[in-house]
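All remarks here apply to the structure that follows.
All residue numbers refer to positions in the sequence shown, counting from 1. What you see is a predicted model; the values in this text were computed from it and never measured.
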Amino acid sequence: MKKKFVIVMSAAAVAGLLAGCSGELSNEYVTVTQYKGLEVPQASGSVEEVTDEQVDQMIEGTLSTYAEREEVTDRAAQEGDIVNIDYTGYLDGEAFDGGSAEGADLELGSGSFIGATDDYAGFEEQIEGHNPGDEFDIQVQFPDPYNLNPDMSGAVADFHIVLNSIAVENVPELTDEWVKENSEDSETVEEYREEVRAALEEEQQAAVDSELASSVQSALLEKIEIKAYPEEEVNEQITQLTDTYAQMAEMYGMELSEFLESYMQTTEEDFNAQVKEAAQTSAAFDEAVKLIAEKQHLELSDAEYEEKALEYAQSAGMDDVEAYEEQVGEDLLKRVILREAVMDYLVDECIQVEQTDSSAE
């Protein structure tokens, strides 16, 4: 079977192509051989009708985040409760690594801890029936195989448990009152359901748009001929990328080289080479973006930039644009906003092609 590409385009797009192909754009760093009418695979995703079940699931998930925990003192633990426990695990009378904790929250019935086997009850079900303050021992058997620690596969372990407290989570009911208090756009349950439905539809559309934009970006990169790299921009992006990973390493309490080897399975030398390549590609892409923006008059005015910058700041939970610019860097923010404007233009101008299986040549 060979692949056949069927062009999917509107009559207006056809007319635009017949009117003439876009010319090259060039500066000292890059030449863009084509940017209008880039052919890209048709997005595999689609925006489908959101079902009532999907709306219900979304609402249930949202309501659960507003649940309030209430301590229970007048009964024993049961499935669905959240218990707070101290526990110590023993193998042949010796405490083993990773088998102990203090003040651990556990939802009974969640399956988070060791489950039942043919011969032993599960960890969680053996806590059921005990009261706050109880101190007791249980015996469980690790599954076989046990992927988290193969050495423990099938092992029988004893756990000493202290049941500190029992609590339940009270999930609020979806009412008009709850909606008024927690939604900025709706006042009734029915309005809120439509708000959720619209949000799910937007989510689907965003996924399709993101896939298409990624394809357009890849297509444009193939149409960029590189003469030289803007050294200052490349070095700036290398610094930004390296700093990002250094901060991640710091979060783990590691040096960058140790983090790269442990979590990314790469050496610092290979990492530096990859960062340099990524920075060069990004810098060349930005040069192409500048050329297209200038040719198509896509540069933003000061007012348009401020409006976009505020959108970015607010999406990051900030209302102070100056503070946001200082945090992310004004130059980087301007590049990102210009990229967005150009990508929107290129997506509108692209030609999606549907790939189908066919035996035809």
Side-chain angles (χ1 to χ4, degrees), residues 57 60-173 244-268:
Q57 289 175 348
E60 288 172 10
T62 301
L63 289 173
S64 67
T65 65
Y66 286 85
E68 294 183 354
R69 190 169 294 188
E70 179 184 356
E71 188 170 356
V72 175
T73 59
D74 59 353
R75 63 167 174 78
Q78 61 188 31
E79 185 175 345
D81 288 344
I82 297 171
V83 294
N84 183 276
I85 58 173
D86 303 335
Y87 62 88
T88 305
Y90 298 90
L91 282 175
D92 299 324
E94 297 289 333
F96 59 88
D97 290 341
S100 303
E102 292 184 357
D105 282 342
L106 170 63
E107 181 183 346
L108 300 183
S110 65
S112 304
F113 279 40
I114 301 166
T117 63
D118 291 339
D119 300 317
Y120 296 88
F123 188 103
E124 296 171 26
E125 62 191 86
Q126 294 187 67
I127 295 176
E128 294 176 21
H130 288 279
N131 292 284
D134 284 357
E135 195 166 341
F136 53 96
D137 296 307
I138 65 173
Q139 197 170 56
V140 298
Q141 184 177 30
F142 283 88
D144 189 7
Y146 184 54
N147 296 328
L148 294 177
N149 186 349
D151 292 339
M152 302 287 284
S153 296
V156 175
D158 297 298
F159 281 88
H160 182 71
I161 311 290
V162 179
L163 179 52
N164 299 317
S165 64
I166 303 171
V168 293
E169 284 195 338
N170 296 319
V171 178
E173 183 182 353
T244 297
Y245 282 93
Q247 290 169 10
M248 291 172 63
E250 188 176 348
M251 290 173 58
Y252 284 86
M254 297 180 176
E255 295 294 328
L256 177 59
S257 58
E258 183 184 1
F259 174 79
L260 293 173
E261 290 177 6
S262 300
Y263 288 91
M264 301 188 66
Q265 287 76 54
T266 189
T267 65
E268 195 164 6

More than 12 heavy atoms of other residues, nucleotides or ligands under 6.0 Å from [atom1] of [X]: is that the case?
X      : atom1 : value
Glu169 : CD    : yes
Gln265 : CD    : yes
Tyr245 : OH    : no
Glu102 : CD    : no
Gln57  : CD    : yes

| message | Set out, in order, the CA-CA distance, both residues' side-chain angles and the distance that settles side-chain contact (heavy atoms from CB on, under 4.5 Å) for Gln78 and Leu108, then state yes or no. | response | CA-CA 7 Å; Gln78 61 188 31; Leu108 300 183; over 6 Å; no
| field | Contact summary for Ala116 and Glu125, nearest pair of heavy atoms | value |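 That closest heavy-atom pairing would be CB-OE1, 3.8 Å.
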| task | Determine the minimum heavy-atom distance between Ala157 and Phe142, stating which atoms define it. | result |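 Residues Ala157 and Phe142, closest heavy atoms: CB-CE1, 3.7 Å.
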| request: Please find out if less than 6.0 Å separates the ring center of Tyr87 from that of Phe113. | output: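 Distance test on ring centres: under 6.0 Å, yes.
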| request: Evaluate the ring planes of Tyr252 and Tyr263, with Trp represented by its six-membered ring, and classify them as parallel (under 30°), tilted (30 to 60°) or perpendicular (over 60°). | output: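 The arrangement is tilted - the two ring planes meet at 30° to 60°.
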| request: List the steps, then state whether side-chain contact (heavy atoms from CB on, under 4.5 Å) holds for Asn164 with Asp86. | output: CA-CA 7 Å; Asn164 299 317; Asp86 303 335; 3.1 Å; yes
| field | Donor-acceptor pair, side chain of Gln126 and main chain of Ala121, under 3.5 angstrom | value |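 Present.
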| task | Return yes if some donor-acceptor pair links the side-chain N/O of Glu135 with the main-chain N/O of Val162 below 3.5 Å, else return no. | result |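 No.
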